[in-house]
Amino acid sequence: MRLTTKGRFAVTAMIDVAMHCSQGPVTLAGVSDRQKISLSYLEQLFGKLRRHGIVESVRGPGGGYNLARPASQLSVADIIQAVDEPIDATQCGGKENCQDDKRCMTHELWANLNAHIFSFLRSVTLEQLVRQQDKQEVTVLQDHRSASGRKPEPAVA
């Protein structure tokens, strides 16, 4: 199982919108520039996000996208499901026809993994992801060597 670029890009773009929406509607061109995601791909993703009530569009000059609900009420699972990203580690898509139209020996293992992954993604909010971005610190190498020739130590700026 893997999360495809569709899910990754949707979550990344939503973090960007949440970080910038306090200044008014966020344009997809702005998200595209900042996140290096194709504008046409973002248009497809945001069409789905809008239809699922994750974002609202604002037309006209100064238009763009706003969050449809507070970031604290949007989970990563909401975003991924809105763009039709399957979260499934089973080979059968949950149909239990994994091996010769019968349930395979490890079906329950992968189905339980799906439940845990979904539960985790449901527990992570967009607000938490935005706060993580705000907390990221920049590490700068500073030269603290004395005459003894010690190596530089990382310091937080």
Side-chain angles (χ1 to χ4, degrees), residues 1-98 103 106-142 154-157:
M1 185 211 64
R2 65 185 178 86
L3 186 60
T4 67
T5 55
K6 187 189 298 186
R8 291 178 192 275
F9 285 174
V11 172
T12 299
M14 287 297 296
I15 294 169
D16 187 288
V17 169
M19 289 176 69
H20 294 94
C21 67
S22 64
Q23 301 148 10
V26 178
T27 66
L28 292 186
V31 175
S32 176
D33 287 343
R34 287 186 295 272
Q35 303 307 322
K36 308 302 181 227
I37 301 172
S38 158
L39 180 58
S40 62
Y41 198 63
L42 284 172
E43 289 168 347
Q44 293 172 27
L45 292 176
F46 274 73
K48 291 179 179 189
L49 292 166
R50 187 182 48 75
R51 285 189 293 279
H52 282 86
I54 305 292
V55 294
E56 296 173 332
S57 61
V58 178
R59 294 181 181 264
Y65 286 90
N66 289 316
L67 300 179
R69 302 189 299 244
S72 62
Q73 295 176 15
L74 289 169
S75 74
V76 173
D78 295 332
I79 297 165
I80 291 173
Q81 285 182 310
V83 296
D84 300 326
E85 180 70 19
I87 302 171
D88 189 8
T90 65
Q91 290 182 353
C92 61
K95 296 177 185 169
E96 298 186 13
N97 60 353
C98 330
R103 183 179 167 148
T106 57
H107 180 84
E108 197 65 31
L109 170 69
W110 306 125
N112 286 334
L113 177 61
N114 290 345
H116 284 287
I117 291 170
F118 187 77
S119 176
F120 171 72
L121 295 177
R122 171 75 57 214
S123 74
V124 179
T125 67
L126 189 56
E127 179 182 57
Q128 290 170 317
L129 296 176
V130 168
R131 273 192 265 131
Q132 284 178 356
Q133 300 307 307
D134 292 340
K135 288 182 182 178
Q136 288 185 356
E137 299 174 342
V138 177
T139 302
V140 185
L141 283 180
Q142 292 184 347
V156 176

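Being a predicted model, the structure only gives us computed values, none of them experimental.
- In this structure, Ile54 and Lys48 have side chains that are not in contact, with every pair of non-hydrogen atoms separated by 4.5 Å or more.
- Thr125 contributes a side-chain N or O that, together with a main-chain N or O of Gln128, makes up a donor-acceptor pair within less than 3.5 Å.
- For the atom pair CD (Glu127) and CG (Leu67), the distance works out to 11.0 Å, reported to the nearest 0.5 Å.
- Two residues are said to be in side-chain contact when any heavy atoms from C-beta on lie closer than 4.5 Å; Val17 and Phe46 meet this criterion.
- Here the closest non-hydrogen pair linking Gly64 and Pro25 is N-CB, 3.5 Å.
- In this structure, the side chains of Arg69 and Asp78 come closer than 4.5 Å at one or more pairs of heavy atoms.
- Among pairs with a residue in residues 7-40, those fulfilling ring pair (Phe, Tyr, Trp, His ring centres under 6.0 Å) read Phe9-Tyr41, at least two apart in sequence or across chains.
- For the pair Gly53 and Ala68, the tightest heavy-atom approach, listed with the atom from each and the gap, is O-CB, 3.2 Å.
- From Gln35, atom CD reaches atom CG of Asp16 across 4.5 Å, with rounding to the nearest 0.5 Å.
- At a threshold of 4.5 Å between non-hydrogen side-chain atoms, the residues Leu126 and Ile15 count as touching.
- Although no hydrogens or angles enter the test, the distance criterion places no donor-acceptor pair under 3.5 Å between the side chain of Ser119 and the main chain of His116.
- Note that CD of Gln44 is 11.5 Å distant from CG of Leu28, once rounded to the nearest 0.5 Å.
- Side-chain contact between Tyr65 and Ser57 is present, with heavy atoms from C-beta onward closer than 4.5 Å.
- Considering all non-hydrogen atoms of both residues, Gly63 and Thr27 come closest at O-CG2, 3.5 Å.
- A 4.5 Å side-chain heavy-atom check between Val83 and His52 finds every atom pair outside the cut-off.
- A distance of 9.0 Å separates CD1 in Ile80 from CZ in Arg8, rounded to the nearest 0.5 Å.
- Looking at heavy atoms from C-beta onward, Leu113 lies in side-chain contact with Trp110 at the 4.5 angstrom threshold.
- The distance from atom CG of Asn112 to atom CD1 of Ile117, rounded to the nearest 0.5 Å, is 11.0 Å.
- Separation of atoms CG (Leu49) and CG (Leu42) is listed at 9.5 Å; rounding is to 0.5 Å.
- Side-chain contact between Arg122 and Val76 is absent, with no heavy-atom pair separated by less than 4.5 Å.
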